[in-house]
Amino acid sequence: MNYQPTKGILLGLLALTLWNCKTSDPEPTPYESGVLILNQGNFSQNNGTISFLPRTGTAVATSIFQTANPSMSISGSLQGYTDVNGKGLILVDNSTAGQDKVEIVESATFKSRATLKTPDIENPRQVISAGPNKAYISCWDVSGDFNAGTFYKDPGYIAVVDLNTNAVVKKIPAVKGVEKMVVAGTEVFVGSGTYTGSKTLLIIDLNTDTEKQRIDFGSTPEPIAVDATGKLWIQAGNDLVQIDPASRIVAKRITFAAAPGSVVISTDKRAFYYTLSGKTYRLPIEATAAPGSQILARSFSALGIDPQTKRIYGSVIPSYAQAGYVLRYEETGALVDSVRAEIAPFGFYFR
């Protein structure tokens, strides 16, 4: 006897097939929540990388850009990273002239979406979010002869990137050796690197992407962060300077015995962590004198504060020819663990 499927069974099978089509597994997002370790690599070997470290456990995923893009590599010294509205921007400085770039990736998967190249990008130094779909990238521009004192082109520039089109839409003339940038309200405060000789603090209007003001700061200004009271902090040599970003008036100046290293702000924005003379300190924003309180009897190449756990991250660079390490501590200074990173870990990005 031939078996004839009923109409109801056929409809049920059809519905099940359609349901399976509509509920296919979503694309995995392996790097959506955790800590990115930024590894500079050896500049002459162009082997910078990004590692991913979960908040719990010590299983580090290495070279995640190349893992997500097997036919590609960073191919340069890593200089910075940030997320802007679902996209990640990786700054790459190559030892060969004309090979600098910015890789734009999906922030959750690190799959490549676009590459910004020279001449739009020359010696990129730092990247910040400048709007829902806009990024600012500070660039030294084409470097010159260090021995002749012309290494830093004057001025450098800030590349304005439209992340809707993944293109550089404008270059804002900046200052020689332009590097660090901090957003305060609708303005960006821009400084330069310690060894550039530039003493100018540049202020840019975020709404118009134009220069608003230049201030002679007396020494090289390196903007750090805006604190819980809305004041902007700037490192200037051995000093940390607090200013009112609206009035531009200096509120106070704290002088250290030497230039503090790797200054980062706490999660609540009420204190700074920094390294000095082989130790790590915590300095409340209410302080009027250095050095603050010692947290750890050692220093690091770079510090980071996890905004979720408030843990302290410190990187160790034994040399530029071998893997470095990342140590994690509780706020109290109690050691949590130590993990092996890649070559020259110099920074962290928390998400």
Side-chain angles (χ1 to χ4, degrees), residues 79-80 122-128 130 136-160 170-227 229-265 269 272 274 276 283 285 287-290:
Q79 294 299 315
E122 297 279 4
N123 285 305
R125 310 316 294 172
Q126 189 191 28
V127 54
I128 62 171
Y136 278 5
I137 300 172
S138 57
C139 297
W140 284 350
D141 207 336
V142 179
S143 54
D145 186 346
F146 184 81
N147 293 325
T150 58
F151 181 79
Y152 300 103
K153 189 172 181 179
D154 192 4
Y157 64 88
I158 294 172
V160 182
K170 185 176 184 178
K171 290 184 178 180
I172 307 171
V175 294
K176 182 169 65 173
V178 60
E179 286 200 10
K180 296 184 178 178
M181 303 174 284
V182 170
V183 175
T186 59
E187 297 175 327
V188 180
F189 289 75
V190 182
S192 52
T194 304
Y195 303 105
T196 63
S198 174
K199 299 179 180 180
T200 301
L201 180 65
L202 172 66
I203 303 170
I204 292 174
D205 188 321
L206 269 175
N207 294 321
T208 60
D209 300 324
T210 57
E211 177 182 322
K212 196 168 185 178
Q213 188 178 1
R214 289 178 181 245
I215 299 173
D216 183 358
F217 212 72
S219 56
T220 302
E222 299 180 84
I224 302 168
V226 174
D227 68 22
T229 69
K231 298 296 192 300
L232 172 68
W233 288 78
I234 296 172
Q235 182 172 356
N238 292 8
D239 296 347
L240 289 186
V241 183
Q242 184 193 52
I243 71 170
D244 183 327
S247 67
R248 327 294 200 217
I249 295 174
V250 173
K252 64 181 171 183
R253 181 184 294 265
I254 300 175
T255 301
F256 296 76
S262 192
V263 185
V264 294
I265 199 163
K269 301 185 184 301
F272 288 96
Y274 69 93
L276 182 67
L283 182 78
I285 62 172
T288 56

| request: With the side chain counted from C-beta on, respond yes when K231 and D244 share a heavy-atom pair under 4.5 Å apart, and no when they do not. | output: yes
| field | Closest approach of D216 to G218 (non-hydrogen atoms, all atoms of both residues) | value | OD1-N, 3.1 Å
| Straight-line distance of Q235 CD to I224 CD1, nearest 0.5 Å | 5.0 Å
| side-chain contact (heavy atoms from CB on, under 4.5 Å) partner of W233, the single match among E222, K269, Q242 | Q242
| request: Report yes or no: does T220 contribute a side-chain atom to a donor-acceptor pair with the main-chain N or O of S198 at less than 3.5 Å? | output: yes
| Is a donor on one side and an acceptor on the other found under 3.5 Å between the side chain of N238 and the backbone of A259? | yes
| request: Mind checking the OH-OH spacing from Y152 to Y195? Nearest 0.5 Å is all I need. | output: 9.0 Å
| said: Do I137 and Q79 make a side-chain contact, defined as non-hydrogen atoms from C-beta onward lying under 4.5 Å apart? | reply: no
| Are the side chain of N123 and the backbone of V142 linked by a donor-acceptor contact shorter than 3.5 Å? | no
| remark: Distance col, row E211:CD vs D205:CG, nearest 0.5 angstrom, shows 11.5 Å
| request: Please report the closest heavy-atom contact between D227 and T229, naming both atoms and the distance. | output: OD1-OG1, 2.7 Å
| message | Assess whether a salt bridge exists between R248 and E187, defined as any Lys/Arg side-chain N lying under 4.0 Å from an Asp/Glu carboxylate O. | response | yes
| query | Do other residues, nucleotides or ligands put more than 12 heavy atoms under 6.0 Å from the NZ atom of K199? | reply | no
| request: Measure the spacing between SG of C139 and CD of E122 and express it to the nearest 0.5 Å. | output: 8.0 Å
| Below 4.5 Å, heavy atoms only, C-beta onward: do Y136 and V190 meet side chain to side chain? | no
| query | Would you say L283 and L240 make side-chain contact, with heavy atoms under 4.5 Å? | reply | yes
| Euclidean distance, S192 OG relative to L201 CG, rounded to 0.5 Å | 9.0 Å
All N/O donor-acceptor pairs, side-chain side in residues 172-186, below 3.5 Å, sequence neighbours left out:
none

| task | Find out whether I203 and P245 are in side-chain contact, i.e. whether some heavy atom of one side chain is under 4.5 Å from a heavy atom of the other. | result | no
Review item, side-chain donor-acceptor pairs of residues 250-257, under 3.5 Å, at least two apart:
from, atom 1, to, atom 2, distance (Å)
K252, NZ, I285, O, 2.6
K252, NZ, E286, O, 3.4
K252, NZ, A287, O, 2.6
R253, NH1, D239, OD2, 3.1
T255, OG1, D239, OD1, 2.9

| remark: Between the OG1 atom in T200 and the CZ atom in F217, the distance rounded to the nearest 0.5 Å is 11.0 Å
